[in-house]
Amino acid sequence: MKTRSLQRGELPDAGAVLAQNLLDAEGRVALDKGRVLSADDIHRIAQLPWKELHVVTIEPGDVHEEEAGRRLATLLAGDGVAVEALSSGAYPLVARHRGLVELDHFRLARLNEIDDLAVYVRPSGYVAREGERIGGVKIIPFVTREERLDAAERVAGRGTLRVRRFVPTRVAVLVEETVEDRVLSRARRALEEKLGFFGSELAAVRRMPFGTDALGEALRAAVDGEAQLVLVAGGNPMDPLDPALLALESVGARMEKHGIPAQPGTLLWLAYSGAIPIIGAPSCGLFAKATALDLLLPPLLTGERLSRAAIAELGAGGLIAPETAWRLAPYRGGAARGQLDAE
């Protein structure tokens, strides 16, 4: 790549790259910077009012920013990610479907260490809507080198950025019988709306006494039936003899994490009966709010088996507030992420 500064009376060669916007006599952009100049462009340049002109001459091994950006964006776009047309000098990366953004932070950081390249994306774990822009690829200069793209391919590999699709899931809820009708009705509507965002359904809501035997039988019926995720709402998770906790043993369920490092919602717990997740919450009143439940649902509803280690990582950004709301689903237009009310 060679750069040239031309004075009035000199003209660039066809194939050179314009390094500045050229304006016409009325101050409007006649030729955009970054343009690969054609013979017609050269003729037009001779007629425009300019005093100094900067151009870049492409040499063997050079790659124009548009081709380089397109190649890099295509390389990075994995399952669930589309590359859109060049916009404002960058290639947008867009979610093909609703799901969770996944990326390798270490590879992304190494990629951005390479000269001339800039790749920016939503955080891993971001809940994306279909058609939403989740990142972009920009080549900083008008021309880069082939070896820098080769280095990017070695570092990133193919499909570094993905959107893991939500899987339709049937959810059963077991609720303490003492809950008021008004509270249960609101909780049911909220949960139906939240699950609907993910393409899942509330298959059953069972109101029952919170005794160990009764809960054990209800859990067994749920996991042996059509439920693919079970929510248990009620009891006292701080009590080691809480019936919901004791009932887990009767169905052979294993506690994955008792207590979620997020606030509100630290008293939630996650267990597994085979491959079926069981989430415990002290109250169904939590369903309408943005809580730790809204951190657990997105990965679980992609089919991911959340490990103890993965849950522990939720503590970084676990104070649920507008600043960390990217982890929550945008359930309703006009409302904050994770919320069902606009206020």
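All heavy atoms count here, side chains included; hydrogens, waters and symmetry mates do not.
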Give a yes or no on whether [X] atom [atom1] has more than 12 heavy-atom contacts from other residues, nucleotides or ligands under 6.0 Å away.
X	atom1	result
K138	NZ	yes
M208	CE	yes
R110	CZ	no
Q7	CD	yes
R162	CZ	yes

Between [X] and [Y], does at least one N-O distance fall below 4.0 Å, as a salt bridge requires?
X	Y	answer
R122	E132	yes
E146	R71	yes
E177	R207	no
E192	R188	yes
E304	R164	yes
R148	D62	no
D24	R28	yes

Is the shortest side-chain heavy-atom distance between [X] and [Y] below 4.5 Å?
X	Y	value
I114	R154	no
P261	I311	yes
D32	L18	no
V232	L219	yes
F210	T178	no
S5	L53	no

Determine the minimum heavy-atom distance between [X] and [Y], stating which atoms define it.
X	Y	answer
A156	L76	CB-CD2, 3.7 Å
F287	A233	CZ-CB, 3.9 Å
I320	P264	CD1-O, 3.9 Å
T302	V167	O-CG2, 3.5 Å
P330	V127	CD-CG1, 4.0 Å
P209	A214	O-CB, 3.8 Å

Treating Ile, Leu, Val, Met, Phe, Trp and Tyr as nodes and any side-chain heavy-atom pair under 4.5 angstrom as an edge, say whether [X] and [Y] lie in one connected cluster.
X	Y	result
I134	Y91	yes
V171	L174	no
F166	L297	yes
L229	V205	yes
L22	V55	yes

Roughly how far, to the nearest 0.5 Å, is the [atom2] atom of [Y] from the [atom1] atom of [X]?
X	Y	atom1	atom2	answer
K257	L296	NZ	CG	11.0 Å
R206	L215	CZ	CG	9.0 Å
L202	E193	CG	CD	13.0 Å
L301	K194	CG	NZ	12.0 Å
E52	L6	CD	CG	8.5 Å
L48	L31	CG	CG	6.0 Å

If only atom types and distance count, is the side chain of [X] paired as donor or acceptor with the main-chain N or O of [Y] below 3.5 Å?
X	Y	value
S185	R182	no
R327	G317	yes
S273	A253	no
H64	V17	no
W50	I45	yes
D116	I140	no
R332	R337	no
R186	A288	no
H97	V163	yes
D294	T291	yes

- prompt: Mind checking what makes salt bridge (Lys or Arg N to Asp or Glu O under 4.0 Å) contact with E313, not counting sequence neighbours?
  reply: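 Partners of E313 by the salt bridge (Lys or Arg N to Asp or Glu O under 4.0 Å) criterion come out as none, since no residue qualifies.
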
query: Do R305's NZ or CZ and the ring of Y272 fall within the cation-pi criteria of under 6.0 Å and 45°?
result: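 The answer is yes; both the distance and angle limits are met.
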
query: Taking the six-membered ring of F197, is NZ or CZ of R98 closer than 6.0 Å to its centre and within 45° of its axis?
result: yes

Test side chain to side chain donor-acceptor pair (under 3.5 Å) applied to [X] - qualifying residues, sequence neighbours left out:
X	answer
S38	D41
Q47	H43
D40	none
S250	none

- prompt: Can you list the steps and then say if V119 with L72 is a side-chain contact (heavy atoms from CB on, under 4.5 Å)?
  reply: CA-CA 9 Å; V119 180; L72 183 56; 4.0 Å; yes

query: Is there a side-chain contact (heavy atoms from CB on, under 4.5 Å) between V230 and V173 once you walk through the steps?
result: CA-CA 6 Å; V230 181; V173 179; over 6 Å; no

- request: Dump the intermediate steps for salt bridge (Lys or Arg N to Asp or Glu O under 4.0 Å) on R308 and E256, then the final yes or no.
  value: CA-CA 6 Å; R308 185 182 187 86; E256 191 68 40; over 6 Å; no

message: If you apply the rule salt bridge (Lys or Arg N to Asp or Glu O under 4.0 Å), what do you find for E201 with R170, and how did you get there?
response: CA-CA 5 Å; E201 63 173 317; R170 294 183 300 276; 5.3 Å; no

message: As a quick check of understanding, evaluate side-chain contact (heavy atoms from CB on, under 4.5 Å) for D104 and L108, giving each step before the final call.
response: CA-CA 6 Å; D104 186 320; L108 179 65; over 6 Å; no

- request: With sequence neighbours left out, write down each residue that passes side chain to side chain contact (heavy atoms under 4.5 Å, CB included) with P92, or none if nothing qualifies.
  value: E84, S87, V94, R133

